[in-house]
Every structure is written in structure tokens, then in C-alpha cells.
Amino acid sequence: VTGRVLDRTAIIDVVRSGGSVYSRALLFTAVDLGVPLSASAAALLDAWSGLPPDDRALMDLFLDAPALSITAVDVSEAARAGIRAHRRGDQARFDAAAAHTVELARRAGFAILTEDPEPLLALDPTVEIELLPGE
Amino acid sequence: MSEYVQALAEDRRRREAWMGRWVAAAGEPDRDAMERARRALGVEDQHAARRRRAS
């Protein structure tokens with residue numbers, strides 16, 4: 001049994017109307033079976049910014065999921081994620097949320113659930129990805 | 001009942017309560033997608049495994 005790290009796109013997919021049935025099923029299954037899910041607070045910030053107002057209530061419920069832990073970008077997390085991302089990817093388009101997401105995944109040994117793997121793989125081509133199925 | 005067993009029971013209650021709230025707000029999750037999710041998470045669904053073996 002292994003957990004998942006959800007990136008910005010996966011968080012949005014879980015809570016938005018018309019999101020994939022798979023992401024919601026994975027969340028529900030993880031809660032049912034006690035499988036850990038995690039996300040970066042920076043990815044959560046990105047997700048909030050992209051979420052239509054009508055979907056905010058479901059975001060609150062998602063954040064209350066017993067299986068879910070959100071990790072803040074504090075001083076030590078910033079150092080770890082920043083050092084791991086050093087000179088990786090396109091520096092002009094550096095994505096701090098993606099860098100912290102990769103750091104959480106590497107540390108926990110989890111795959112990242114995403115529908116947009118490119119920014120993550122640009123930071124670490126070896127990170128494990130579970131691609132959200134298009135529906 | 002030991003503290004450990006009590007904690008497990010409380011954890012299960014908390015998870016079931018959340019699942020009830022989620023179904024009320026978002027509807028029942030898709031069964032096929034849940035089976036895919038269980039496989040992806042490395043959790044073998046015993047019923048599905050028996051069905052696969054029988055077929």
C-alpha cells in the first residue's frame with residue numbers, strides 16, 4: 001500500500017464540478033482504507049486561486065478528509081525543496097508549488113497524482129507519476 | 001478495551017463520518033473507478049481478486 005501526493009491539478013480535479021470520477025474515487029478509497037494522501041500548502045494556494053466560487057464548499061470538505069495532510073512551506077521545507085530543485089527545470093518559469101510537491105513525494109516515497117506532469121518531471125525526471133485519466 | 005483498540009475504533013468512526021458527508025455533498029463514488037484506485041494504491045480487493053481468479 002502506498003500513498004499519493006496531490007499536486008495543484010489533482011486538488012482542483014477532486015473538488016471541481018465535472019472533475020474526473022477517478023480522482024474522487026481515489027480520495028474516497030484512501031479515506032476508507034486509511035491510505036495517506038498529502039499535498040503542499042503552496043499547491044493548495046494555487047488550487048484555491050483556480051477554483052470557481054461554487055466549488056469552494058467541496059474544497060472545505062476535501063481539506064477535512066482524515067487521510068489528508070497538508071504540509072506548510074516553512075523554513076526547513078523551503079530549504080529542502082529549493083536545494084532539491086537547484087538548477088533544475090526552466091529557472092525563468094520556476095514553479096515553487098511543483099518543487100515542494102516533488103520534495104514531499106520523494107521524501108514519502110509516494111507517486112504524485114497529476115494531470116500535468118511536465119513541471120514536476122522538469123524538476124525531477126525520476127519522480128513517480130500517476131497520471132489522472134482523461135474522461 | 002485497550003487504548004489502541006479504542007483509537008482504531010475512533011479513527012474508523014471519523015473516516016466513516018467523513019465518507020457520509022462526502023457522499024451527501026458529491027454523490028456516491030464510481031465503483032469501477034474505486035476498484036482502479038484500490039489497485040493503483042496497491043490494495044488488493046479480495047472480492048475483485050476472487051472474481052478475476054474465477055473468470
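Just so you know, these numbers use all the heavy atoms, side chains as well, and skip hydrogens, waters and symmetry mates. Just so it is clear: chains get the letters A, B, ... in the order the sequence lines come, proteins before strands, and each one is counted from 1.
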Inset, instruction - Heavy-atom pairs under 4.5 Å with chain B are the metric here; pick the option from A:Leu58, A:Asp32, A:Val15 that has the most. - result: A:Asp32
Inset, instruction - Any chance you could lay out the side chain to side chain donor-acceptor pair (under 3.5 Å) test for A:Asp55 and A:Ser17, step after step, and finish with the verdict? - result: CA-CA 7 Å; A:Asp55 293 331; A:Ser17 342; 2.7 Å; yes
Inset, instruction - Report yes or no: do A:Thr126 and A:Arg106 form a side-chain donor-acceptor pair below 3.5 Å? - result: yes
Inset, instruction - Examine the side chains of A:Thr114 and A:Asp116 and answer whether a donor and an acceptor come within less than 3.5 Å of each other. - result: no
Inset, instruction - Determine the option with the most heavy-atom pairs under 4.5 angstrom with chain B, choosing from A:Asp64, A:Leu33, A:Leu61, A:Leu27. - result: A:Leu61
Inset, instruction - Establish, from distance only, whether the side-chain atoms of A:Asp13 and A:Ser20 form a donor-acceptor pair under 3.5 Å. - result: yes
Inset, instruction - Under 4.5 Å heavy-atom distance to chain A, tell me which part of B:Arg12 shows up: side chain, backbone, both or neither. - result: side chain
